[in-house]
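Before any comments, here is the structure.
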Amino acid sequence: MAMPKKRMSQTRTGTRRSQIQAVLPTIVKCAQCSSAVAPHTACANCGSYRGRAVIDVEKNARKLAARQAAEHDHGHDHATT
């Protein structure tokens with residue numbers, strides 16, 4: 001196994017570690033509904049991007065509900081005893 005020939009100085013170690021940091025994600029408000037959304041992303045709540053509707057949210061909600069109902073309907077009860 002490789003071993004370092006010399007001890008790394010605190011300055012060199014600190015310089016390397018200075019780039020390792022936690023950053024908070026950038027969040028902006030939607031112009032239509034004021035919900036929190038990532039920048040340059042269509043709003044999941046109202047479906048708008050830059051002032052115009054780009055996603056039909058109601059249609060997507062209906063499709064999701066139908067998909068969940070189809071997955072859950074597998075022929076037996078989920079009654080708790």
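Considering OG1 of Thr13 and CZ of Arg7, their distance stands at 8.0 Å, rounded to 0.5 Å. Taking CZ from Arg67 and CZ from Arg62, the interatomic distance works out to 13.5 Å, rounded to the nearest 0.5 Å. Here the CD atom belonging to Gln68 is positioned 13.5 Å from the NZ atom belonging to Lys63, to the nearest 0.5 angstrom. For the atom pair CE of Met8 and OG1 of Thr15, the computed distance is 10.0 Å after rounding to the nearest 0.5 Å.
Here the side chains of Cys30 and Ser48 are in contact, with some heavy-atom distance below 4.5 Å. In this structure, the side chains of Val57 and Asn45 stay at 4.5 Å or more apart for every pair of heavy atoms.
Summarising the geometry of Val54 relative to Tyr49, their closest heavy-atom pair is CG2-CB, 3.8 Å, with the distance given to 0.1 Å. Heavy atoms only, all atoms of each residue included: Gln32 and Gly51 are closest at NE2-CA, 3.6 Å. Considering all non-hydrogen atoms of both residues, Val37 and Ala42 come closest at CG2-O, 3.9 Å.
Without hydrogens or angle criteria, Ser18 side chain to Arg16 main chain gives no donor-acceptor distance under 3.5 Å.
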